[in-house]
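Encoded as structure tokens, the structure appears first; notes follow it.
All of these numbers come straight from a predicted model, not from anything done at the bench. Note on naming: letters A, B, ... go to the chains in the order of the sequence lines (proteins, then strands), and numbering restarts at 1 for each one.
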Amino acid sequence: MAALAPDRLRQEKRKSGGARELPALEYAEEGVVMRFAPNPSGPLHLGHARAAYLNDYYVRRYDGHYVIRIEDTDPRRVEQENYGLLLDDIDWLGLKVGEIVYQSDRMDIYYEHCRRLIELGGAYACMCDAAYFRDLKLEKRACPCRNQTIEENLGLWDRMLEGAFCEGMITVRVKTDLEHPDPAMRDFSIFRIVDTPLHPRIDTKVYPMYNFSVVVDDHLLGITHVIRGKDHIANTRRQRYIYDYFSWKPPVFKHYGRLSIGGVVLSTSAIKEGIVSGVYSGWDDIHLGTLKAIARRGFEPDAVRKAMIDIGIGETDITFSWENLFAQNKAVIDPRANRYFFVPDPVRLPVADAPVQTAEAALHPNEPERGVRRLLFEGSAVVPRREIEGKAMVRLKDLFNVNIAWKGEKPSLTYAGESLEEARNAHAPIIQWLPPRQARNCILKTPDGEVEGYCEEACAAECHRVVQFERVGFARIDAVAEDLVTAYFAHR
RNA sequence: GCUGCUAUAGUGUAGGGGCCAAUCAUGUCGGCCUUUCACGCCGACGACUGGGGUUCAAAUCCCCAUAGCAGCACCA
């Protein structure tokens with residue numbers, strides 16, 4: 001038995017798809033309830049995908065419950081249209097969603113718990129100017145409001161709810177420890193007033209701060225484990241004060257490191273600025289790391305999932321490379337994608353002495369039963385200029401060989417027989433080509449620019465699917481118009 | 001400035017005192033297969049941030065340095 005152990009361990013670390021097994025969750029046997037908690041300031045990006053999939057992974061592994069919690073307690077960062085975008089993205093990710101809750105539906109719960117916290121002596125209403133308080137805090141000094149009685153604080157709290165104060169006049173703070181060495185821990189704020197704008201879903205001006213609504217929700221929703229970015233490490237420590245006041249048991253927290261991806265901005269606010277200033281065409285601009293953008297480029301959610309699980313929950317900051325995502329996506333897509341010819345940089349040339357004939361090219365080389373594309377050669381072919389440059393012989397794939405004679409810059413093609421052997425012996429490249437009558441204008445959009453050319457007319461039937469342009473790479477057919485096919489390049 | 005976290009090949013990971021001249025994936029290079037420079041298969045390349053210490057033994061524990069990151073909002 002002991003001899004079998006190493007093999008078995010290895011098996012546990014490898015899943016069938018090549019995805020690895022993450023470390024076990026502590027206390028998982030007592031049940032697992034986790035959450036993904038985005039805020040509706042814009043659509044999701046790869047950074048969100050990590051949080052969403054990491055939590056999703058453990059929910060599935062332990063057959064737990066998954067709560068999607070929309071954190072919309074800042075009216076300034078909430079826009080009506082973003083709710084829909086968010087839900088679309090969550091749908092695309094394919095999470096095992098148990099329930100969806102909106103914090104804006106739970107305001108009364110937060111109010112009630114704030115009152116309780118004040119009654120417990122754990123919070124006070126503070127009317128100090130924010131900057132003034134900050135200075136006191138840095139000097140570890142209490143502000144005058146800290147000594148108010150519970151009754152005074154409750155009175156102020158009631159007047160807050162009645163609308164007696166304007167924005168900035170008052171806040172509720174948790175009584176923590178002014179001597180705490182980390183200034184971030186000292187008497188942080190848990191409620192504020194926001195006069196404008198109005199919240200699209202509710203009618204109130206008193207809003208809970210992140211650290212309060214999250215604690216109340218995590219407890220009430222029965223969240224057992226939280227996996228979030230390490231930018232929340234300080235929040236976790238702050239939240240413990242609230243758990244302690246209520247005598248609640250906090251969930252198990254895990255924090256993963258910062259994720260960046262080469263050449264992509266992963267900040268919702270930065271993206272938004274870019275769109276407004278015209279740098280990006282929209283949320284799905286292919287230069288962005290939004291889910292909408294990568295979906296448009298032909299990335300599959302399962303590939304993103306595997307890539308994110310592979311990264312894991314390490315606390316180290318990482319620079320994720322597109323190559324890793326390409327590899328995962330290729331594994332998902334290659335078996336599915338039908339093959340077609342795309343001819344960039346096209347030139348139309350007659351082929352002397354060539355017989356009229358129909359080429360049959362497999363839709364997928366590993367699955368002949370899928371059938372073939374039929375390309376009727378009638379005397380001339382569209383070929384990629386760069387592929388014949390300087391060559392004396394090439395083979396048009398699935399058709400025949402051609403000799404190329406060069407008069408200066410001008411090539412002239414002559415039929416050179418059917419023999420694949422000869423082409424091989426001559427080291428002739430086997431290249432893609434198109435019959436002019438079956439060629440459709442095609443524009444291939446890549447992050448580095450656009451490539452114009454022609455693709456097979458049959459690509460029109462693959463709209464919104466990913467295909468492989470042979471010898472070029474994988475691409476998603478994005479739009480098919482009268483005389484133009486638009487495709488987005490994914491990767492080789 | 002104060003507080004805290006992290007540090008393994010180009011990238012991402014495994015390993016938490018001896019089994020590590022360090023795992024796996026990706027990448028790159030070479031070969032095989034192949035009417036794609038795809039897929040698949042075989043092989044090669046490539047790393048424990050630096051310096052001290054503890055120990056018979058350190059990638060693994062401790063200290064210092066360096067670097068990166070995060071927080072110190074009436075944002076989430």
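The distance between atom CG of A:Asp135 and atom P of B:rG1, rounded to the nearest whole Å, is 19 Å. The CD-P distance, from A:Gln239 to B:rA76, rounds to 12 Å in whole Å. Rounded to an integer number of Å, the gap from CG of A:Asn39 to C1' of B:rC75 is 8 Å. Here the C1' atom of nucleotide B:rA25 and the CG atom of A:Leu325 are 14 Å apart, to the nearest Å. Distance, A:Lys306 NZ to B:rG12 C1': 16 Å, rounded to whole Å. Atom-to-atom, CG of A:Asp218 to P of B:rA76 comes out at 14 Å; the value is rounded to the nearest Å. One interatomic measurement links the two molecules: CE of A:Met308 to P of B:rU13, which rounds to 11 Å at whole-angstrom precision. In this entry the distance linking OH of A:Tyr210 with P of B:rG71 reads 12 Å, nearest Å.
Using a cut-off of 4.0 Å between Lys/Arg side-chain N and Asp/Glu carboxylate O, A:Arg339 and A:Glu367 are scored as not salt-bridged. Of the charged side-chain nitrogens involved, at least one lies within less than 4.0 Å of a carboxylate oxygen, so that A:Arg471 and A:Glu387 count as a salt-bridged pair. Salt bridge status for A:Asp218 with A:Arg69: present, with a side-chain N to carboxylate O gap under 4.0 Å. For the pair A:Glu456 and A:Arg373, the salt-bridge criterion is met [side-chain N within less than 4.0 Å of a carboxylate O]. Under the 4.0 Å criterion applied to side-chain N and carboxylate O atoms, A:Glu315 and A:Lys230 are not assigned as salt-bridge partners.
Atom CZ of A:Arg61 sits in a crowded spot, with more than 12 heavy atoms from other residues, nucleotides or ligands closer than 6.0 Å. Shown here is A:Arg374, whose CZ atom has no more than 12 heavy atoms of other residues, nucleotides or ligands within 6.0 Å.
Taking the P atom of each, B:rA70 and B:rU28 are spaced 31 Å apart, rounded to whole Å. If you take atom P in B:rG27 and the same atom in B:rG16, they sit 28 Å apart, rounded to whole Å. Rounded to the nearest Å, the gap between the C1' atom of B:rG68 and that of B:rC29 is 32 Å. The gap from the P atom of B:rU26 to that of B:rC19 amounts to 28 Å, rounded to the nearest Å. On the C1' atoms, B:rG10 is 12 Å away from B:rC45, given to the nearest whole Å. The separation of B:rG15 from B:rC20, taken at their P atoms, amounts to 15 Å, rounded to a whole angstrom. Between B:rU23 and B:rU66, the distance separating the two C1' atoms is 28 Å to the nearest Å. Annotation: B:rG4 and B:rC63 have their P atoms spaced 13 Å apart (nearest Å).
When distances are taken from the side chain of A:Asp74 to each of B:rC74, B:rU13, B:rC75, the shortest belongs to B:rC75. Taking every side-chain heavy atom of A:Thr316 into account, B:rU6 is the closest of B:rU6, B:rU13, B:rC75.
A ring-centre distance under 6.0 Å is found for A:Phe191 and A:Phe212.
Across the interface with RNA chain B, nearest-nucleotide mapping of A:Ile318 and A:Phe191 shows A:Ile318 to be the residue nearer the 5′ end. Along RNA chain B, the nucleotide nearest to A:Ile190 and the one nearest to A:Thr319 differ in position, and the one closer to the 5' end is contacted by A:Thr319.
Across all strands, A:Arg76 comes closer than 4.0 Å to no nucleic acid atom at all (heavy-atom distances). Using a 4.0 Å heavy-atom cutoff across all strands shown, A:Ser213 reaches no nucleic acid atom at all. When heavy atoms are screened at a 4.0 angstrom cut-off, A:Asn211 is found touching no nucleic acid atom at all. Using a 4.0 Å heavy-atom cutoff across all strands shown, A:Ser41 reaches no nucleic acid atom at all. Within 4.0 Å of A:Pro208, counting heavy atoms only, lie sugar-phosphate atoms of the nucleic acid but no base atom. Using a 4.0 Å heavy-atom cutoff across all strands shown, A:Leu138 reaches no nucleic acid atom at all.
Each of A:Arg465, A:His364, A:Glu462 was compared with A:Asn338 under the side chain to side chain donor-acceptor pair (under 3.5 Å) criterion, and only A:Glu462 meets it.
Within the structure, side-chain hydrogen bond (donor to acceptor under 3.5 Å, both in side chains) pairs that include any residue of residues 174-186 of chain A comprise A:Thr176-A:Asp187 (at least two apart or interchain).
Proximity of residues 260-269 of chain A to RNA chain B (heavy atom under 4.0 angstrom from any strand atom) is not detected for any residue. Residues of residues 152-168 of chain A that place a heavy atom closer than 4.0 Å to RNA chain B, in numerical order, are A:Gly168.
Judged as a ring pair (Phe, Tyr, Trp, His ring centres under 6.0 Å), and not counting sequence neighbours, the contacts of A:Tyr102 are A:Tyr83. A:Asp105 meets the salt bridge (Lys or Arg N to Asp or Glu O under 4.0 Å) test with A:Arg201; sequence neighbours excluded. Residues that satisfy the side chain to side chain contact (heavy atoms under 4.5 Å, CB included) test with A:His219, not counting sequence neighbours, are A:Trp248.
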Pairwise N/O distances under 3.5 Å, protein to nucleotides 66-70 of chain B:
unit_1 : atom_1 : unit_2   : atom_2 : d
B:rC69 : O4'    : A:Asp317 : OD2    : 2.8
B:rC69 : O2'    : A:Asp317 : OD1    : 3.3
B:rA70 : OP1    : A:Arg258 : NH1    : 2.9
B:rA70 : O2'    : A:Lys230 : O      : 3.4

Polar atoms only, N or O, under 3.5 Å: list the protein pairs with nucleotides 46-51 of chain B and their distances.
none

Next on the checklist: Within the 4.0 Å limit for protein heavy atoms, which parts of nucleotides 26-44 of chain B are touched? Write it as a string from 5' to 3', B for base, S for sugar-phosphate only, - for none.
Outcome noted: SS-------BBBBB-----

Checklist entry - Would you write out the dot-bracket form of RNA chain B, 5' to 3', with Watson-Crick and G-U pairs under 3.5 Å, [ ] for crossing pairs, | for pairs to other strands and . for unpaired bases? => result (((((((..(((.....[.....)))((((((.......))))))...(((((..]....))))))))))))....

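Scanning both residues, A:Trp322 and A:Arg297, for their nearest heavy atoms gives CH2-NH1, 3.8 Å. Closest heavy-atom contact between A:Leu444 and A:Ala475: CD1-CB, 3.8 Å.
The backbone N or O of A:Asp345 sits nowhere less than 3.5 Å from a side-chain atom of A:Tyr454 that would complete a donor-acceptor pair.
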Which pairs would a plain distance check flag for residues 129-138 of chain A, meaning a side-chain donor or acceptor within less than 3.5 Å of a matching protein atom at least two apart in sequence or in another chain?
unit_1   : atom_1 : unit_2   : atom_2 : d
A:Asp129 : OD2    : A:Ala131 : N      : 3.1
A:Asp129 : OD2    : A:Tyr132 : N      : 3.3

Return all side-chain donor-acceptor pairs below 3.5 angstrom for residues 423-431 of chain A, not counting sequence neighbours, or 'none' if the list is empty.
unit_1   : atom_1 : unit_2   : atom_2 : d
A:Asn425 : ND2    : A:Glu421 : O      : 3.4

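For the residue pair A:Glu300 / A:Asn329, no side-chain donor-acceptor distance below 3.5 Å is found, with atom types taken as modelled.
Side-chain atoms of A:Phe341 and A:Gln438, non-hydrogen and from C-beta on, never get closer than 4.5 Å to each other.
Note that CD of A:Gln103 and CD1 of A:Ile109 are 10.0 Å apart. Values are rounded to the nearest 0.5 Å.
A syn base is found at B:rG16: its glycosidic angle is within 90° of 0.
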